[in-house]
Colleague: 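After the structure tokens below, expect a handful of questions from me.
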2 protein chains.
Amino acid sequence: MMRLTRRTEYGLMALAWLARAGGRFHSVREITENLDVPRRLLAEILKDLSQAGLVEAVRGPGGGYRLREDPGRLTLGRIVNVLEGPTIFAECYQGDCDLSPRCTIKRGIGEVARRLEAVLEDFTLEEVVHGPAGAPAPSPSS
Amino acid sequence: MMRLTRRTEYGLMALAWLARAGGRFHSVREITENLDVPRRLLAEILKDLSQAGLVEAVRGPGGGYRLREDPGRLTLGRIVNVLEGPTIFAECYQGDCDLSPRCTIKRGIGEVARRLEAVLEDFTLEEVVHGPAGAPAPSPSS
DNA sequence: TAAATTAGCACCGGTTTGGTGCTCTTTCAA
DNA sequence: TTGAAAGAGCACCAAACCGGTGCTAATTTA
Ligand code: SF4
Ligand code: SF4
């Protein structure tokens with residue numbers, strides 16, 4: 001209910017870390033050593049982000065992941081969309097709901113969904129990294 | 001993930017119906033006959049709404065439920081809060097999360113959560129009933 | 001070749017969710 | 001005072017979802 005899954009939070013942490021680390025490719029091992037999240041799980045998450053084109057992947061020694069876009073251009077909406085699927089607030093807004101014909105709140109709910117989505121689309125990874133009003137974030141210990 | 005549960009949607013439909021029906025008390029039977037949602041389940045939901053003080057309940061013949069407040073004063077935020085619990089978007093925002101100390105996105109996420117909550121708090125039951133810009137809602141066939 | 005790394009996929013245990021059954025209590029009206 | 005119409009309470013169930021892991025490829029570099 002209206003709560004991010006762990007997957008998404010781990011993914012966001014990794015993306016935020018990558019945003020600060022920048023530059024070269026960083027392996028899952030390196031990331032998890034800094035973030036202390038379950039390694040195998042984060043690997044799965046980053047794979048998804050890679051398939052969605054949000055990060056770039058390179059295999060083999062020296063390989064790893066790298067942001068494909070500018071953190072200021074990557075919206076929270078897109079990230080959540082990849083990690084949790086497209087349905088926000090109500091099914092009928094994107095896909096289709098079986099009780100859609102009989103549903104009396106559909107219209108109103110659609111409006112709410114749009115507003116919520118707008119909020120998510122308004123935040124960028126950069127803002128998530130830096131926190132509200134440029135609060136100092138701990139520098140990566142790489 | 002970011003999607004309302006069925007419970008909440010059923011609850012909203014019932015509340016919306018009650019808002020339009022208004023006046024006297026309406027039994028679960030009467031409501032479900034108009035809305036076509038699982039009877040026993042809606043009973044459970046309305047019980048919760050009653051305990052939370054959003055609706056008024058009277059037992060016995062002629063009894064049922066009735067809105068306790070003006071639909072224009074009842075926010076979507078409060079309803080969702082009752083039906084799905086208080087955690088919006090992230091645990092650390094209200095309760096506490098075990099990885100809160102090590103979490104790097106906490107601050108940014110908190111800001112997002114506030115914005116999302118504000119949207120929910122901005123919509124009232126009345127707006128859900130009437131839809132965007134006063135779209136005509138089908139009148140209850142009572 | 002050997003090692004480092006991502007990709008793919010199946011699996012598992014625990015929780016949540018949608019939904020139902022059954023009994024008890026309250027209230028009204030005949 | 002009795003019976004029926006309601007809600008209240010609570011236990012229960014099956015299916016879906018979620019966090020997390022194991023194992024085996026495929027790819028790349030040295
Ligand atoms: S049609 Fe109604 S019940 Fe179905 S997803 Fe939309 S709002 Fe929810
Ligand atoms: S501390 Fe981090 S991981 Fe925990 S709920 Fe808050 S944002 Fe999510």
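Lettering follows sequence order; numbering is per chain, from 1.
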Colleague: Which residue lies toward the 5' end of DNA chain C, B/Arg7 or A/Leu46, if each is placed at its nearest nucleotide?
Modeller: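 This one resolves to A/Leu46.
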Colleague: Start at the 5' end of DNA chain D and walk down; is the nucleotide closest to B/Lys47 or to A/Tyr10 reached first?
Modeller: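 Per heavy-atom nearest nucleotide, the more 5' residue is B/Lys47.
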Colleague: Counting just side-chain N and O atoms, does A/Gln51 come under 4.0 Å of either OP1 or OP2 of C/dT6?
Modeller: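 False: A/Gln51 side-chain N/O out of range (4.0 Å or more) of C/dT6 OP1/OP2.
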Colleague: Do A/Arg3 and A/Glu84 sit within salt-bridge range, that is, some charged N less than 4.0 Å from a carboxylate O?
Modeller: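 A/Glu84 and A/Arg3: not salt-bridged.
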Colleague: Could you give the CZ-to-C1' distance, from A/Arg66 to D/dT28, as a whole number of Å?
Modeller: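 After rounding, the gap between these two atoms is 16 Å.
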Colleague: Write down the distance between CZ (B/Arg29) and C1' (D/dA4), rounded to a whole number of angstrom.
Modeller: 12 Å
Colleague: Specify the separation, in whole Å, of atom CD1 of A/Ile45 and atom C1' of C/dC9.
Modeller: 16 Å
Colleague: Taking any heavy-atom pair under 4.0 Å as a contact, classify B/Phe25: base, sugar-phosphate, or nothing.
Modeller: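 Nothing, no nucleic acid heavy atom in range.
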Colleague: Can you tell whether the side chains of A/Lys106 and A/Glu91 come within less than 4.0 Å, N to carboxylate O?
Modeller: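 Salt bridge absent between A/Lys106 and A/Glu91.
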Colleague: Which whole-number value in Å describes the distance from B/Leu4 CG to C/dT17 C1'?
Modeller: 14 Å
Colleague: Between P on C/dT20 and CZ on B/Arg6, what's the gap in Å once rounded to a whole number?
Modeller: 13 Å
Colleague: Please determine whether any donor N or O and acceptor N or O are separated by less than 3.5 Å between the side chain of B/Arg59 and the base of C/dT25.
Modeller: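 Looking at the base of C/dT25, it does pair with a donor or acceptor on the side chain of B/Arg59 (distance under 3.5 Å).
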Colleague: Starting at atom CD of B/Glu56, determine the distance to atom C1' of D/dA6, rounded to an integer number of angstrom.
Modeller: 15 Å
Colleague: Do A/Thr75 and A/Phe123 make a side-chain contact, defined as non-hydrogen atoms from C-beta onward lying under 4.5 Å apart?
Modeller: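 SC-SC contact between A/Thr75 and A/Phe123 ruled out.
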Colleague: Could you check whether A/Arg114 pairs with A/Glu117 (Lys NZ or Arg NE/NH1/NH2 to Asp/Glu carboxylate O, under 4.0 Å)?
Modeller: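 No, this pair does not count.
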Colleague: What's the closest nucleotide to the side chain of B/Val28 if the choices are D/dG7, C/dT6, C/dT20?
Modeller: D/dG7
Colleague: Nearest whole Å is fine: how far is C/dA7 P from A/Leu49 CG?
Modeller: 11 Å
Colleague: Roughly how many Å is it from CG in B/Leu18 to P in D/dG7, rounded to a whole number?
Modeller: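 The answer, rounded to whole Å, is 11 Å.
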Colleague: Please tell me which of the listed nucleotides, C/dG18, C/dA7, D/dT21, lies nearest to the side chain of A/Ser50?
Modeller: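 Looking only at side-chain atoms, A/Ser50 lies closest to C/dA7.
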Colleague: Nearest to the side chain of B/Thr5 - D/dG20, C/dG18, C/dT20?
Modeller: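 Between D/dG20, C/dG18, C/dT20, the one nearest the side chain of B/Thr5 would be C/dG18.
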Colleague: So which nucleotide from D/dG19, C/dT6, D/dG7 ends up closest to the side chain of A/Leu41?
Modeller: D/dG19
Colleague: Kindly point out which of C/dG19, D/dA8, C/dT6 is positioned nearest to the side chain of B/Ala57?
Modeller: D/dA8
Colleague: Select from B/Glu44 and B/Ser27 the residue whose nearest nucleotide in DNA chain D is closer to the 5' end of that strand.
Modeller: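 In this pair, the answer is B/Ser27.
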Colleague: If I compare all heavy atoms of A/Val129 with all of A/Ala19, which pair ends up nearest, and what's the gap?
Modeller: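 Looking at all heavy atoms of both residues, the closest pair is CG2-CB, 4.1 Å.
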